[in-house]
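The next block holds one structure in the form of C-alpha cells; read it before the comments.
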Amino acid sequence: MMSSLRSTTFRSCAQRSFQLYVNLVRQSSTESAKEIKIPRRIKRGPTDVLKALAATVTRDTTAPHYKYQDDPFLTPSSNVGKRTFAMAKESGKKAARWVQNQHPELFQHKVSFPFIENYTPITVYDENSAVDENTLKRVIYYAQVSDAIKVYELLEQKGINVSGSTKQSFLEMLCFFNCEDPLPEEFLEERWFHLSTKGREKLRKTWKDNSLAEKIFLSFEQKDSKAYSAIIQGMTRYCQAERAWKLYEECLEKNIILHTETYNSLIRVVHFLKEGFEHRWKLVQELLEEMAKKNIHPNVGTLNAVLEAVSTLPNQRQSKEYALRTLSEFKALNIQPTLASYYFLLITFCKQRGPISNILVEIMDTIQGQEFSVQDPKDTYFFVTAMDVCRNHLQDKDLAYRVDELLHTGNNYILIGDSYKESIYYRHFFVLMCTLESLDVFMDLYRKIVPHIYTPEPAVMEEVIKTIDMNGAMEYVPQIWSDMVVFDHVERENVVTTLLDSMARNKLPEESELISQFGNIAWDIWKRQEEDVEEDRYRQWRWTGQILGDMMTLLLRANQFKESCIILDKLNRSQQNIVGVPRVEVLQLFLDRCIQEKDVKAAIGCVQYSADAGFSDAEQMAQKLINNISLDEGILARLSNIIGKNLSKID
Amino acid sequence: MEFSRQLLHRLQPTLVGQLALVRSFHATPVCQKVQAGRYRITTKRNKPLTYEMSNPPHQIAHRKSWNSWNTANILGGVRPAETTIEDLFIRKFMTGTWHNLFLSEVIIKRQHNIIRIAGLVKQAISARKMYFLIGFTEEILSCWLQCPVKLELQTVEDPKDAIFKYI
C-alpha cells in the first residue's frame, strides 16, 4: 500500500514537473520567438572604446586638474596660481615651438609612423618656394590665414590660375577670419584663460573694408550665391551690417538664392540696421518671409538668430511674446532649441529690473537629464546665466541644484565655456548655497569643490565667514583661516576684519580648544603683517583700531599676555597711522589682565592709550589700577598726569 | 709494449677530445670583478648615494626597478637600438635642461606611442619656472621624438631627503 502510494505520488510528481518543464519550454520558445531580437550592428569608430572608458571616469574633486603635476609643490591653490601655472606651461610650449621654427633644418627627420605633421616645423612661404593650387588648398585646410594670403599672392605673381572652387574656399576662409590669423588651436590654456571681452568687442565694426576678401569677391566674374553668402556672412560676423545689407539687396535684384546661414547672420544684425522696436521686428519678419517665399528651410541657427534679435528688442512685454511665438513656430517645424536658445529666453525674460519670471523652471523641466553638444557659440553662456538667474532673480536653491546636475550630466561640462565663466558660475552657486542652505550642507559642498574646482574670491570668502558667524559655528574658523592663507586672502583688509570680528564676538566655552587656536590665528595675522614686511608686498593695509582690538581680545582669551602687550605697544606708538580705536571693553579686559600679571608698565600704557583715545573710562581705569596694585610715588604722579587729576588710593 | 703503443695511437683522438672537455685545475683565484653600477667607498665615508645607486645591478627586480620601461627588447619588440639611443638622448636632454635639479635617475616609461618621463626634482626654482620647463621639455621632446611626451615629476624640498646612505 505504502509503496504503491509512494510510487503514484512519485509518478504524479514526476509527471507534474515534466508537464511544467514542457510548458516552460513551450512558453519560453513562444516568448523567445516574440522577444529575442538581434539588434543591428552598431558601427564603432576607432576611438569609441576609449571614449566609453573615459565616460566612466568623472572629475576627481580631491586632486588638481590633470594639466597640473600631481605634486604638492606644483599644485596651484589660488586663482592666480591656477592661471600662472597653466600659462607658464603653455609659454614653455611656445618657447619650444619657437626654437623648432628657428631651426627647421634640425627637425626634418621622420620617426613617427603614420607621419604626424603637427610635430614638424612650420613651412615658411617666400618668393623661392614652389607653390601650386594644392599648396593653397592645404593651407586653407589648416586655416593658416596669413600663409594662405602669401601663397595666393605667389600664385598670382607666377600667373598660375586658381580654380573657382579653391578660390571660393579661400574667400570663405578670409571672410570667416576677417583676414587675420586665429589663435592656434593647440594653445588651449590661452583660450581657457582668455578674458572674455569678446562680447563687448563684437558690438563695434571690426570688418576690414577693402581687404583682400572683398578684392577676391570682386574678382569673381560670375558671382554666385556661394560667393555672396560668404561675403555677407563675413561682413555680418564683423558687424559691417550696412554693406552686408546692400549686398543682400543686390542679390534680391539679381534673384540669387542665398544660404540659410546667410539669412541667419542677417537676422542677427538687425539691431545695426534699424532703430526702434517696430522697425526691427518688421525687418526680422521680412527676412523670414523672404526665406519662406524662396523655399529656404530654416534651421536651428535661424531660431537662435531670431531669439537673439528678440532679446535685444527694447520693449519687454512684446519681446517676451515674440520669443514664445518664435519658439512654438520652430517647434512646429520640428527644430529643437539648443542651450543658446534657452540662454536668449533667459535674458529676455529675466531682466534685472523686470518682473520675476519662472521660465527657468519650465526650461529645466524640459531639458533635465539631457546631454548637449555644442551647436551654437552662445551655448556656453547658458549655464552661467542660469545660475545667475537662480541666485539673483529667483533665489531658488533647489533649482540651482537642478542646473548643477544638468551641468554634470554626460559630457555637458564642456559647455561651461572658459575659466572666467566657470568661476562666475561657481561664485553664483556658492553664494546661493551659502545664504540659503544649512551650514553643514554648505560646508560639505565647500569641502567638495574648494580649492581644486573653485577658489573663492575674497568677497565670497567674506560671505562664507558671515554665514559661519551667523550660525555661530566657530569650529569651521580654523579651516577657513588656513584656506585664506593658501588663497592669498590674508592681505585683504575687509576679509580679515570680518574674520577677526566674528572670532572676537562669538564667546566660546572656557574649556574649548578653539580659544588657543584663535589666539594663534590672531598672532599669525599680526606676524604676517608686521614681520614679513621685508618681502616685496604690493598690497599692505593699514592697521585699524578694530582689528588690533579684536586681536588683543583673542590673545587675552588665549592667555597670550605678552603678545597682546606688543599690540598695545603698537597702538600707543603709532596712534596717528591707525584708523579708529578699539572698543573700550578690550582695554578694560587688558587692564584686568595687567593687574593679574602685576605688569605696571603695560597697565600704565593701557591707561595712557585710553586717555589719548578720549575714552571717558580712562579715569576709572586708572583708579582701578591704583586700588589693586600698590604703586610708588613716581608712577602715581605719572598716572595723575595722564588723567590730569590728582589720584589716590581709595579703599 | 707494441700493443700498448698501438692502443694509445688508436685511442688518441678520443682521449684528446676528452681532455679538452675537462677543466684544468687552477691554483690562482678566479677574477670575477664587475664594476658597473657599483660605487667605491670613500675614505671619509661621505659620498652620498640615492637608494637607486646604493643597490647594485643584480638587485634590479628585487630591491629596485628598471630605469627604462619598454618592450623593445623582448621577443617581437620593435626598434630596440633606436629606443636605447633615444633614451640616452632623453636623459642627456633632461639633465641639461633641468640643470642641477634632478636628484634621481631619469625614469623613462613607454606605453604605446606615449613616453612618460619621471624623476625627483629639487625645489630650487619657483613652481612657475618649473611649469615653464615642463611645457618646454614636453613640447620639444614631442617634436623630436614625434610622439606625445609627458613629464611626471615629484619635487623634494630638501635634497638630502633623496639620499639613502653615505659610503
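Numbers restart at 1 for each chain; the letters A, B, ... are given by sequence-line order, proteins then strands. Worth saying up front: this structure is predicted, and the values here are computed from it rather than measured.
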Please tell me if the side chains of B:Tyr131 and A:Glu90 come closer than 4.5 Å, counting only heavy atoms from C-beta onward. no
Student check: side-chain heavy atoms of A:Val111 and B:Leu145 closer than 4.5 Å: no
Tell me, yes or no, whether the heavy-atom count around B:Glu157 atom CD, taken from other residues, nucleotides or ligands under 6.0 Å, exceeds 12. no
Determine whether A:Lys94 and B:Phe136 satisfy the following criterion, side chain to side chain contact (heavy atoms under 4.5 Å, CB included), listing intermediate values before the conclusion. CA-CA 7 Å; A:Lys94 277 187 180 170; B:Phe136 179 77; over 6 Å; no
At what distance, to the nearest 0.5 angstrom, does CG of A:Asp70 lie from CD of B:Glu152? 9.0 Å
Given side chain to side chain contact (heavy atoms under 4.5 Å, CB included), test B:Thr155 with A:Leu74 step by step and report yes or no. CA-CA 8 Å; B:Thr155 57; A:Leu74 297 172; 4.0 Å; yes
With a 4.5 angstrom heavy-atom cut-off, which part of B:Gln154 approaches chain A: side chain, backbone, both or neither? both
Check whether any side-chain heavy atom of A:Lys89 lies under 4.5 Å from a side-chain heavy atom of B:Glu138, and answer yes or no. yes
Measuring heavy-atom distances to chain B, does A:Phe115 have an atom under 4.5 Å in its side chain, in its backbone, in both, or in neither? side chain
Nearest-0.5 Å distance, OH of residue A:Tyr119 to OG of residue B:Ser142: 4.5 Å
If you round to the nearest 0.5 Å, how far is SG of B:Cys147 from CZ of A:Phe113? 15.5 Å
How about A:Phe73 and B:Met130: do any of their side-chain heavy atoms sit closer than 4.5 Å? yes
Crowded around A:His65 NE2? As in, over 12 foreign heavy atoms under 6.0 Å? yes
Other residues, nucleotides, ligands: >12 heavy atoms within 6.0 Å of A:Tyr141 OH: no
Other residues, nucleotides, ligands: >12 heavy atoms within 6.0 Å of B:Arg38 CZ: yes
Between A:Arg97, A:Met87, A:Gln100, which has the largest tally of heavy atom pairs under 4.5 Å with chain B? A:Arg97
What distance separates B:Cys143 SG from A:Asn101 CG, expressed to the nearest 0.5 Å? 8.5 Å
Roughly how far apart are A:Trp98 CH2 and B:Ile140 CD1, rounded to 0.5 Å? 10.5 Å
Angle class for the A:His109/B:Trp144 ring planes (parallel below 30°, perpendicular above 60°, tilted otherwise)? tilted
Where does B:Leu133 contact chain A at under 4.5 Å (heavy atoms): side chain, backbone, both or neither? neither
Heavy-atom closest pair, residues B:Gly135 and A:Lys93: O-CG, 3.5 Å
Should we say atom NE2 of B:His112 is surrounded by more than 12 heavy atoms from elsewhere, each under 6.0 Å from it? no
I'd like to verify something: which residue of B:Lys129, B:Gln123, B:Gln146 has the highest number of heavy-atom pairs under 4.5 Å with chain A? B:Gln146
Measure across B:Phe132 and A:Ala95 and return the closest heavy-atom pair with its distance rounded to 0.1 Å. CZ-CB, 3.7 Å
Enter the distance from B:Lys150:NZ to A:Tyr66:OH here, rounded to the nearest 0.5 Å. 8.5 Å
CZ/B:Arg128: more than 12 non-hydrogen atoms of other groups inside 6.0 Å: no
